[in-house]
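First the proteins, then the strands, lettered A, B, ... as listed; each starts at 1.
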There are 2 protein chains.
Amino acid sequence: MEPVEAGQKPLVLEESADHDVRMDGIATSIRPKRVGIKEVASLAGVSWKTVSNVVNDRPHVRPAMREKVLAAIAELGYRPNLAGRQLRQGSSMTIVLAIPEITSPYFGKLAEHVITSAESRGYTVLIEAYGEDPTREGRVLEGYQNRLIDGIIYSAQNVSPEAVKARQDPTPMVLLGERILDSGLPHVAINNNRSARELVSHLASRGRTRLAFLGDRPDVGESVAGLRLEGFQEGLLENELTFDQHLVMGVQRYSRDEGEMAALRLLNSGVPFDSVVCASDILSVGVLRAFRRRGIRVPQDVSIVGWDDIPEAEFGAPSLTSISPDIAALAEASLEQLLTVMDGRKLENVEMEIGYTLKVRESSF
Amino acid sequence: MEPVEAGQKPLVLEESADHDVRMDGIATSIRPKRVGIKEVASLAGVSWKTVSNVVNDRPHVRPAMREKVLAAIAELGYRPNLAGRQLRQGSSMTIVLAIPEITSPYFGKLAEHVITSAESRGYTVLIEAYGEDPTREGRVLEGYQNRLIDGIIYSAQNVSPEAVKARQDPTPMVLLGERILDSGLPHVAINNNRSARELVSHLASRGRTRLAFLGDRPDVGESVAGLRLEGFQEGLLENELTFDQHLVMGVQRYSRDEGEMAALRLLNSGVPFDSVVCASDILSVGVLRAFRRRGIRVPQDVSIVGWDDIPEAEFGAPSLTSISPDIAALAEASLEQLLTVMDGRKLENVEMEIGYTLKVRESSF
DNA sequence: TGGTGAACTTCTAACGTTAGAAAGAATCCA
DNA sequence: TGGATTCTTTCTAACGTTAGAAGTTCACCA
């Protein structure tokens with residue numbers, strides 16, 4: 001293994017340094033050595049220590065010196081080597097955002113916001129789209145010990161509360177969306193119960209009486225879907241509507257396909273209904289397609305409402321009524337919580353609630 | 001800064017290490033110090049050098065020793081500290097995937113594939129969604145010198161070919177989608193010209209004669225849109241149709257909104273057309289909405305076709321005819337190219353073409 | 001002109017890992 | 001038992017950064 005390494009690595013350097021190689025017979029093998037603090041120092045004509053002081057904003061550096069050093073830094077394009085810095089300081093300024101998938105519009109948007117928020121604080125975000133691979137989701141709880149990260153924002157999906165509570169890893173962690181009771185981990189989410197009741201009230205105010213709930217996750221304990229289903233039932237009570245267990249449809253996953261399949265099951269069951277509450281808009285998209293194929297008109301025959309307010313909800317035909325969480329606030333708050341824990345500061349609230357708005361669109365007019 | 005660190009870090013550690021703290025009066029302040037190679041060595045009763053040899057698979061380690069060391073590693077949950085390793089070896093096993101945005105279905109999917117492919121080879125992927133921030137896109141070309149990365153897969157959007165050619169940074173880079181001529185950089189993409197001609201032929205075979213092209217990027221030199229427009233024009237020639245410059249609509253960005261706005265401009269221009277070729281499906285979604293609002297039926301009045309085959313293309317109403325690139329192959333090939341360059345091996349093809357299929361759906365029936 | 005700081009340099013050490021060299025210990029075979 | 005061979009340890013150095021300590025230079029002011 002070693003001779004291979006020794007034989008190949010230089011090739012890279014030589015190749016990419018082609019333009020720098022002088023053919024004048026003397027300085028042939030000038031390889032573009034990474035500029036370090038010493039190169040900066042010698043160009044600026046100061047000691048490396050002064051450069052370090054400038055870079056780290058330490059006292060006792062005169063403006064003139066600082067200028068000189070900054071100029072040298074700019075000229076050489078010097079950036080402190082993260083590995084060296086990490087090794088010295090023990091922090092990598094990197095956090096992980098663990099989500100089920102990046103492809104879903106909701107998580108994609110969330111990731112985008114977390115990344116920009118983190119960046120403005122000097123942090124880099126590593127995205128772990130763990131999908132349905134239990135190994136990968138397990139690694140989230142183990143804290144990526146081989147990856148040099150400072151904290152984790154974890155949007156759990158299929159993990160058991162026990163696994164979270166049994167977590168050994170000391171890496172600071174914040175839960176997003178999913179709440180794991182008694183885990184002691186900070187948690188950021190919208191109020192699932194209240195938003196579910198609002199959706200039900202909205203439908204009731206439109207004269208709907210037979211409401212279906214699509215997107216339960218019966219296998220998953222304490223899931224977001226569970227909280228929403230609870231709120232759904234409470235909402236029915238509040239509006240003096242009856243709850244029918246036959247109108248609750250579970251799914252394996254939140255995807256368009258699963259939504260379509262669940263809608264077909266619902267139709268085939270023969271139990272009458274006049275509206276569908278989907279635990280996520282991505283399910284609604286599939287439901288719409290199923291209805292369209294069966295000739296069921298939305299919203300004339302059936303209303304559809306959901307959560308997440310994904311772009312498709314706005315642009316689809318019909319457009320979808322949805323609970324629109326303030327994703328930017330969600331990202332900001334979870335990052336804030338995480339940084340608080342990472343700094344060892346005291347959290348003001350372990351539970352944090354994020355605002356949302358109900359966007360009424362064509363699908364429930 | 002330092003006293004703060006010293007005063008706060010332990011708080012975190014103590015908090016999460018509660019269960020480890022013995023209250024027997026003697027060993028009170030056991031902090032879960034990160035296990036290093038030395039801890040493993042002393043537990044296994046060998047020298048740290050032997051541990052290193054085991055970890056790095058070097059010769060001259062007897063099976064018995066190896067077992068002992070591996071057991072100690074397992075017991076302590078030791079993972080080599082990446083920072084130390086990086087510093088020593090100069091490689092971070094991390095690559096950057098630079099894309100305009102993660103939220104778009106196409107790039108989201110692509111990112112997902114690149115991440116899993118890279119992971120199977122032991123690499124971590126850092127996603128840089130540079131958006132419309134020129135600073136961030138610029139950083140791509142500068143090679144993230146502060147981040148210790150080994151390579152870059154760059155899906156360029158708004159960068160000038162000059163900027164790419166002027167690139168100084170030696171970090172291995174592969175271009176994805178966008179081709180920059182004469183940059184010498186390896187390039188992976190579908191055949192934009194041929195796929196465009198196929199779309200045109202498809203529409204012509206359906207009796208369409210007045211084809212609009214939506215999604216040109218006139219400000220960007222050598223863009224994917226440009227190549228597709230070229231193919232579009234050649235396709236018109238092949239099918240003996242006339243090209244009308246008034247039916248070419250530019251956009252600032254590939255988004256649903258921009259698609260909608262461009263479609264409205266097209267309608268307002270009054271120039272007749274019976275089909276729209278969109279440079280990206282995400283534009284088609286906006287076009288559909290514009291048409292719907294104006295009462296234009298798809299495909300009865302106008303056909304719509306495009307590229308990328310995003311999920312919305314399949315699930316929308318109507319579903320969209322689209323060129324479906326083999327995204328998995330795209331990800332795999334670009335990674336393969338990048339690793340080849342990183343290893344200093346010779347590339348077989350600097351240009352690499354990826355397969356695609358034309359999916360005919362409702363929007364062009 | 002001497003004194004006093006501030007500004008700057010030099011020196012040392014450390015973070016965790018890896019690699020070569022050299023020296024020491026164990027094992028094997030004759 | 002001797003010598004050769006394989007295994008293991010010890011020693012040294014390096015990657016790039018940061019921080020303290022101690023020493024040097026310089027400018028300013030009394």
5' to 3', nucleotides 3-8 of chain D under a 4.0 Å protein heavy-atom cut-off (B base, S sugar-phosphate only, - none) gives ----SB
Would you say C/dT18 has OP1 or OP2 under 4.0 Å from some side-chain N or O of B/Asn56? yes
Out of D/dT17, C/dT18, C/dT17, minimum distance to the side chain of B/Tyr78 belongs to C/dT17
Which pairs would a plain distance check flag for residues 110-119 of chain A, meaning a side-chain donor or acceptor within less than 3.5 Å of a matching protein atom at least two apart in sequence or in another chain?
from, atom 1, to, atom 2, distance (Å)
A/Glu112, OE1, B/Thr103, OG1, 3.0
A/Glu112, OE2, B/Ile102, N, 3.4
A/Glu112, OE2, B/Thr103, N, 3.4
A/Glu112, OE2, B/Thr103, OG1, 2.3
A/His113, ND1, A/Lys109, O, 3.2
A/Thr116, OG1, A/Glu112, O, 3.2
A/Thr116, OG1, A/His113, O, 3.1
A/Ser117, OG, A/His113, O, 3.2
A/Ser117, OG, A/Glu332, OE1, 2.9
A/Glu119, OE1, B/Arg136, NH2, 3.1

Rounded to whole angstroms, how far apart are CD on A/Gln89 and C1' on D/dG20? 15 Å
Tell me: CG of B/Asn81 to P of C/dC15, nearest whole Å? 12 Å
Just how far, in rounded Å, is P of D/dT18 from CG of A/Leu82? 10 Å
Are A/Arg88 and D/dA19 close enough that a side-chain N or O sits under 4.0 Å from OP1 or OP2? no
A/Arg58 side chain N/O closer than 4.0 Å to the phosphate oxygens (OP1, OP2) of D/dA19? yes
Which value, rounded to the nearest 0.5 Å, describes the distance between B/Ile152 atom CD1 and B/Leu126 atom CG? 10.5 Å
Of D/dT17, C/dA19, D/dG16, the nucleotide closest to the side chain of A/Leu87 is D/dG16
Here's a test for you: under side-chain contact (heavy atoms from CB on, under 4.5 Å), which of A/Arg66, A/Arg58, A/Met65, A/His60 qualifies with A/Asn53? A/Arg58
What bend angle does the helix from C/dT1-D/dA30 to C/dA30-D/dT1 show across its length, from five-pair end axes and to the nearest 10 degrees? 40°
When the distance from NZ of B/Lys49 to P of D/dA13 is rounded to whole Å, what number comes out? 15 Å
Answer yes or no: is there a side-chain heavy-atom contact under 4.5 Å between B/Met173 and B/Arg167? yes
Between C/dG16 atom C1' and A/Arg85 atom CZ, what is the distance in whole Å? 18 Å
Is any side-chain heavy atom of A/Pro186 closer than 4.5 Å to one of A/Leu175? no
Measure from CG on B/Asp57 to P on C/dT17 and round the result to the nearest Å. 17 Å
A/Arg121 versus A/Glu336: any side-chain heavy-atom pair under 4.5 Å? yes
Short N-O contact, A/Arg62 and A/Glu67, less than 4.0 angstrom: no
Both B/Ala83 and B/Trp48 contact DNA chain C. Taking the nearest nucleotide for each, which residue is further toward the 5' end? B/Ala83
Nearest non-hydrogen partners of B/Val188 and B/Ser334, listed with the distance: CG2-CA, 3.8 Å
Which residue lies more 5' along DNA chain D, comparing B/Val51 with A/Ser52 via nearest heavy atoms: B/Val51
Side chain to side chain, B/Thr94 and B/Tyr123, heavy atoms closer than 4.5 Å: no
For atom NZ of B/Lys38, decide whether the heavy atoms of other residues, nucleotides or ligands shown that lie under 6.0 angstrom number more than 12. no
Measure the distance from CD on B/Gln86 to P on C/dC15 and round it to the nearest whole Å. 18 Å
I need the NZ-P distance between B/Lys38 and C/dT18, as an integer number of Å. 13 Å
